[in-house]
Amino acid sequence: MKFCHKEIVGLFIITVFVLIGCSSSSDEMQKEIEDSASNPNIIFILSDDQAWTDYSFMGHPHIETPNIDELASQGLTFTRGYLPAPVCRPSLASLVTGLYPHQHGVTGNDPAFDFDRESGSRTEWLEARKPVDDVVVDRFNTLPSLTDYLSELNYLSLQTGKWWEGSWQDGGFTHGMTHGDPSRGGRHGDEGLAIGREGMQPIEDFMDEAQQENKPFFIWYAPFMPHTPHTPPDSLLEKYLPNAPSESVANYWAMIDWFDITVGQLLDSIEDRGLAENTLVVYLTDNGWVQNPAQDNQFIWPSKQSPYDNGIRTHITYKWPGQIASRMDTTTFVSTNDIAATVLEILDVEPRLEMPGVNVLDQEELESREAVYSEDFNHDIADVHEPTKSLEHRVILKRPWKLIVPKEEGLSKEEEFSGGGRFIDMIEEAELYHIVNDPHEKHNLASEHPEIVRELRQRLNSWWRTDF
């Protein structure tokens, strides 16, 4: 075949453009790979059922937490952190979305549904629960979460420990442990709950794989610790028995020590692989706990499932050597909802939904926020189609004040047992605390400062939007 001069010139031009296009595409791909490799690894360390007071660096006279203490001292630590909910499932759902429970719809741990517990087995209960709970899970999984954003940035992500929203695949992780299958005991972590208690090998293997692939990674380390069952090693129990008021308390203290040991193992693994300088570590607790001294594996009021600080307060640490200056902030009120906002800001990612949190590394933005909020729902979601029906209390914290408002005022306070946990009905009237001077909420000042109650209530009502 012969070509004329014009055809040859035309083919040459086309070839040049194709080559330029391929080169451009190749350059862009290479840039994406380089940008991805420069992003920090991210590790979330999540304590499960632990009071804000129960760390040695927070002043506990007996509990020893040297690894968490060191992490707190090396990072930016806010000792006045607040959770959006006082129970684990909505709290964790908020962590990965950056939204409040009334925004993401996961307001309780389990959906309410008819089931005869006396005649049915746990497996039968789990299987009957699934179609009702799927309404919650499916709706939640339509929302953008941290794992979605990180996947777009070429991250590998590992789920371990507590996870309620189906399997690790449902949660958008690339790797994981939780299967979520009710026929095999899936509810809130299943096989993932072995992490920590039975070693750290899945995390070790995952970090090695990420290094081999030269990809940044995200680790969700949410072990079932110090959560019940409180079954610490005998050596740790013996360590705490002499100073504890009861064996049940000693078991709880020993579980915290055991959890701290696993945190040390995780941090050592990062150091051993030379990853510490480019790894952001975030620490928090999913909700509070006060151990019942008279009964093993039980909490007492007010703690978990309550709107008081023993239910919703946690310290929050951000550690990234060379990037985040270490500082202990004991005054600023922050939220765990700030974590998603801060991480996305670090990664220069624009969230697809408006987030209520702020970037805590931006001091001006942090100081301009006037209040943080929390909300308390019943352990069980009364109506999966209208999840805010389970509301019990709303909370606003505007330094130095904390206002707790019940869903309905004038009701008597009662305690009852039901379903999978302890349920506390609403307080009778709004309660106001000078939370800075009275961190254990001993003195309700609502009657002494009605003008402050009115102001905070107005702010709370302006914030509260239930257009779910």
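By the 30° and 60° cut-offs, the orientation of the rings of Phe224 relative to His227 is parallel. Using a 30° and 60° split on the angle between ring planes, Phe44 and Trp220 fall in the tilted class, from 30° to 60°.
Put simply, the side chain of Glu213 reaches to within 4.5 Å of the side chain of Leu156, judged on heavy atoms. When side chains are defined from C-beta on, Glu70 does not count as touching Leu267, because their heavy atoms never get closer than 4.5 Å. The shortest distance between side-chain heavy atoms of Lys319 and Leu280 does not fall below 4.5 Å. You'll find the side chain of Asp48 reaches within 4.5 Å of the side chain of Lys162, heavy atoms only. Between Arg80 and Thr332 there is no side-chain heavy-atom pair separated by less than 4.5 Å. Taking 4.5 Å as the limit, some side-chain heavy atom of Ile404 sits within range of a side-chain heavy atom of Tyr308. Under the 4.5 Å side-chain criterion, counting only non-hydrogen atoms from C-beta, Met207 is not in contact with Asp205. The side-chain heavy atoms of Pro226 and Trp253, taken from C-beta on, include no pair separated by under 4.5 Å.
For the 3.5 Å distance criterion, the side chains of Asn141 and Asp170 fail to qualify, holding no donor opposite an acceptor. Neither side chain, Asn251 nor His230, offers a donor N or O lying under 3.5 Å from an acceptor on the other. In this structure, a donor-acceptor pair under 3.5 Å is present between the side chains of Ser248 and Ser246. Thr330 and Thr79 are not linked by any side-chain donor-acceptor pair at a separation below 3.5 angstrom, with hydrogens and angles left out of the test. No side-chain donor from either of Asn297 and Tyr252 sits under 3.5 Å from a side-chain acceptor of the other. Of the N and O atoms on the side chains of Thr53 and Arg313, not one donor lies less than 3.5 Å from an acceptor on the other residue. A donor-acceptor pair shorter than 3.5 Å can be found between the side chains of His102 and Glu375.
For Tyr100 and Trp464, the distance between ring centers is not under 6.0 angstrom. A ring-centre distance under 6.0 Å is not found for Phe140 and Trp164.
With Glu124 contributing its side chain and Ser121 its backbone, the two residues share a donor-acceptor pair below 3.5 Å. At least one donor-acceptor pair closer than 3.5 Å links the side chain of Asp260 to the backbone N or O of Ile68. Judged purely by atom type and a 3.5 angstrom limit, Asp376 has no side-chain atom pairing as donor or acceptor with the backbone of Arg394. Side-chain atoms of Arg197 do not come within 3.5 Å of backbone N or O of Met225 as any donor-acceptor pair. Between the side chain of Thr178 and the main chain of Gly189, a donor-acceptor pair closer than 3.5 Å is present. When atom types are taken as modelled, the side chain of Gln169 and the backbone of Thr174 share no donor-acceptor pair closer than 3.5 angstrom. The main-chain N or O of Thr65 is found under 3.5 Å from a side-chain atom of Ser56 such that the two form a donor-acceptor pair. Between the side chain of Gln305 and the backbone N or O of Val87 there is no donor-acceptor pair closer than 3.5 Å.
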Report task. Please report the C-alpha distance between Leu153 and Leu347 in whole Å, then the side-chain angles of each, then the deciding distance to 0.1 Å, and finally whether the side chain to side chain contact (heavy atoms under 4.5 Å, CB included) criterion is met. Result -> CA-CA 9 Å; Leu153 294 175; Leu347 299 175; 3.8 Å; yes

Report task. Evaluate side chain to side chain contact (heavy atoms under 4.5 Å, CB included) for Asp257 paired with Ile63, printing each intermediate quantity in order. Result -> CA-CA 7 Å; Asp257 197 323; Ile63 297 172; 5.8 Å; no

Query raised in the report: After noting the C-alpha distance and the side-chain angles of Thr107 and Ser390, does the key distance pass the side chain to side chain donor-acceptor pair (under 3.5 Å) rule?
Result: CA-CA 7 Å; Thr107 56; Ser390 305; 4.7 Å; no

Requested in this report: Take Glu365 and Asn359, measure what side chain to side chain donor-acceptor pair (under 3.5 Å) needs, and give me the verdict at the end.
Outcome: CA-CA 7 Å; Glu365 185 178 4; Asn359 173 18; 4.8 Å; no

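The two atoms that bring Ser306 and Ile312 nearest to each other are O-CG2, 3.8 Å, heavy atoms only. Taking every heavy atom of both residues into account, Pro387 and Arg139 meet most closely at CG-NH2, 3.9 Å. Minimum interatomic distance between His62 and Tyr240 (heavy atoms only, all atoms of both residues): O-CE2, 3.2 Å. In plain terms, the two heavy atoms of His393 and Ile427 that are nearest each other are NE2-N, 3.1 Å. Contact between Thr97 and Met355 at its shortest, heavy atoms only, is O-CE, 3.4 Å. Closest non-hydrogen pair, Val384 versus Pro111, comes out as CG1-CB, 3.6 Å.
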Only distances under 3.5 Å count here; give the side-chain donor-acceptor pairs of residues 282-290 to other protein atoms, sequence neighbours excluded, each with its distance to 0.1 Å.
unit_1	atom_1	unit_2	atom_2	d
Tyr283	OH	Tyr55	OH	2.8
Thr285	OG1	Tyr55	OH	2.9
Asp286	OD1	Asp49	N	3.1
Asn287	OD1	Cys88	N	3.0
Asn287	ND2	Asp49	OD1	2.7
Trp289	NE1	Gln291	OE1	3.1

Determine all donor-acceptor pairs shorter than 3.5 Å in which one atom belongs to a side chain in residues 334-341; sequence neighbours excluded.
unit_1	atom_1	unit_2	atom_2	d
Ser335	OG	Asn337	N	2.9
Asp338	OD1	Val358	N	2.9
Asp338	OD1	Arg369	NH1	2.7
Asp338	OD2	Ser335	N	2.9
Asp338	OD2	Arg369	NH1	3.4
Asp338	OD2	Arg369	NH2	2.8

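Phe173 pairs with exactly one of Trp168, Trp163, Phe206, Phe217 by the ring pair (Phe, Tyr, Trp, His ring centres under 6.0 Å) rule, that one being Trp163. When Tyr82, Phe78, Phe57 are each tested for a ring pair (Phe, Tyr, Trp, His ring centres under 6.0 Å) with His315, only one passes: Phe57.
Atom CD in Glu392 sits 4.5 Å away from atom CG in Asn378 (nearest 0.5 Å). With rounding to the nearest 0.5 angstrom, the CG atom of Asn444 is 14.0 Å from the NE2 atom of His434. Annotation: the span from Leu266 atom CG to Ser269 atom OG amounts to 6.0 Å, rounded to 0.5 Å. To the nearest 0.5 Å, atoms CD (Gln74) and CG (Leu71) are separated by 7.0 Å. Atom CG of Leu150 is separated from atom OG of Ser157 by 7.0 Å, given to the nearest 0.5 angstrom. The CH2 atom of Trp320 lies 8.5 Å from the CD1 atom of Ile42; values are rounded to the nearest 0.5 Å.
A salt bridge links Asp208 to Arg273: at least one charged side-chain nitrogen sits closer than 4.0 Å to a carboxylate oxygen. Ionic pairing of Glu431 and Lys402 is not present here: no N-O contact between side-chain nitrogen and carboxylate oxygen is shorter than 4.0 angstrom. We find that Lys215 and Glu209 are not joined by a salt bridge, their nearest charged nitrogen and carboxylate oxygen being 4.0 Å or further apart. Using a 4.0 Å cut-off between a side-chain N of Lys or Arg and a carboxylate O of Asp or Glu, Lys239 and Glu64 qualify as a salt bridge. By the 4.0 Å N-to-carboxylate-O rule, Arg129 lies close enough to Asp110 to be salt-bridged with it.
Under the side chain to side chain donor-acceptor pair (under 3.5 Å) criterion, Ser145 pairs with Thr147, Asp148, sequence neighbours left out.
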